Amino acid sequence: MILYRARVLDTPDDPFAGGSLRSHEDAGLLVVDGVIRERGGFESIRARYPTGPVVDLRDGILLPGLVDTHVHFPQVRIIGSLGLPLLDWLEQCALPEECRLVDVDYARVVAREFVDGLVAAGTTTALVFGSHFAPAVDSLFSEVSRVGLRVTSGLVVSDRALPDPLLTTPQRAYDEAHALAARWHEVGRTRYAVTPRFSYSAGEGILDACAAVLKDVPGAWFTSHVNENPAEVAEVARLFADAEHYVGTYDQHGLLGERSVLAHNVHASDAELAVIAGCSASVAHCPASNSALGSGLFPMRRHVEHGVRVALGSDVGAGTGFSMFKEGLQAYFAQRLLGDAGLPLTPAHLLHLSTAAGAAVLGLADTVGDLSEGKQFDAICLRPRAGTSLDIGLRHAGSPEDALGKVFALAGDADVADVWIGGEQVSSGGFRRPTGPQSWSIAAETR
Ligand code: GUN
Ligand code: ZN
């Protein structure tokens, strides 16, 4: 049992549905076995639990662990390859690197770098695009399990339009996915996601094999890309002449449902939004990637008006880093740039999009996403270095909303001082600090 004392910001009430930011200046969170058993004013909780360790975090801000709903494991080393549109970027930057993961030793190192990148950014839950190579995906699952991250991922499958080493057959796609799911689906905090790369590179046979895995692995997730770039959309329309639209290429194979997350959807028609909403699927909005590849400005207002659930994804390596604070800020920018067609976003919207909304689209709303009683203690403490713009801004913030705006404008990995997942403290490097009461009190005293 540990009692955390902190200034807490979270969004249990959806700001897109009239909710607002919850701010608790001097909260006590009593964490037992990784779960928040009680939350309230610190003094009143301490009065009821006068003994036991207290971790005093009042020199920072405690937020829920961040949730990234679209990020590519094999692309950590190619972040920052700027200047190309999607299909050229794939051919010249992403796919050559993804071919290197055929070497499982290489993949193991990349998995470690990738997991480190997530933790350093304060991401505690992620839907991860895996590799085309089953041993590489196995390495990823091993690494995330070692560190304790909540990760849903799977084998990426394709049978055309990519370099030969990345191609598979429907039978092999099924067999390898099924074997990986048997090892990792709903084991600890990992789950399996059926993952055709995109309809551009996946013919009918591969999509049918994906549907078969979804059917045979109860509770499996589905993720892919959709409507990211006009040249991609046009080619998918040519390849699937019978489909009503790009979303229809997945829907007609039975791949869309409440456990489906489609990335991008920048160039969506109303008919497609209606299909996505109708089957309760979700969209991962990846604003930094959309800007970096020049894909376009995400029509968030139309998604929300159609009732489509939206969360945020970093889309590393087209996205320019792991930080969900950056994604929140970029989402805000994109809506501003859309003018009247945009959806004005407040800091509370940004926090919701990067925490509770992500948890909801990943079916984890009862588990993580905010710091309410009954939730897992997945949390991050921001503690900017003295004298930085964020430190100065937070000390002069006029309100909790104002402080949160400064966080999204200014916070980066260096400001993420502590990360907890299920009550266990994790740090980048995959190294877990000891969690005994003694070490906690020492940590509290030395802050
Ligand atoms: N579409 C197909 N593959 C990819 C990828 O790796 N990144 C992005 N942004 N879009 C894709
Ligand atoms: Zn992507």
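We count ligands from 1, going down the list as the structure has it; atoms in each ligand are counted the same way. For this chain, numbers begin at 1 and follow the sequence in order. Remember, it's a predicted structure, so these values are computed and weren't measured experimentally.
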Ranked by distance from atom 9 (N) of ligand 1, the top protein heavy atom is Asp315 OD2, 2.7 Å

Check your understanding: Does His72 bring an N, O or S atom to under 2.8 Å of the Zn ion (ligand 2)?
Key -> yes

Heavy-atom closest pair (Ala121 atom, Val416 atom, distance to 0.1 Å) is O-CG2, 3.9 Å

Under 4.0 Å from one or more heavy atoms of Phe198, ligand 1 contributes atoms 1 (N), 2 (C)

In short, Glu97 meets Pro74 closest at the heavy-atom pair CG-O, 3.4 Å

### Message
With a cut-off of 2.8 Å, does Asp315 put an N/O/S atom close enough to the Zn ion (ligand 2)?
### Response
yes

Exercise. Is it the case that Glu204 and His253 place a side-chain donor and acceptor less than 3.5 Å from each other?
Worked result: yes

* Evaluate the ring planes of His70 and His72, with Trp represented by its six-membered ring, and classify them as parallel (under 30°), tilted (30 to 60°) or perpendicular (over 60°). => perpendicular

**Q.** Metal check, the Zn ion (ligand 2) vs His70 N/O/S, cut-off below 2.8 Å
**A.** yes

If we number the atoms of ligand 1 from 1 as shown, the ones under 4.0 Å from a heavy atom of Leu86 are 8 (C), 10 (N), 11 (C)

The answer for which part of Glu232 has a heavy atom under 4.0 Å from ligand 1 is neither

Assert yes or no for the condition that the ring centre distance of Phe322 to Phe114 is strictly below 6.0 Å. yes

Practice problem: Give a yes or no on whether a salt bridge exists between Asp10 and Arg39, defined as a side-chain N under 4.0 angstrom from a carboxylate O. | Solution: yes

### Heavy-atom gap Trp89 to ligand 1 smaller than 4.0 Å
yes

Filtering Glu228, His72, Glu98, His225 for the heavy atom nearest atom 2 (C) of ligand 1 leaves His225

Minimal heavy-atom distance between Ala111 and Leu140, with the atoms involved, is CB-CA, 4.0 Å

Among non-hydrogen protein atoms, atom 3 (N) of ligand 1 lies closest to Arg197 NE, 2.9 Å

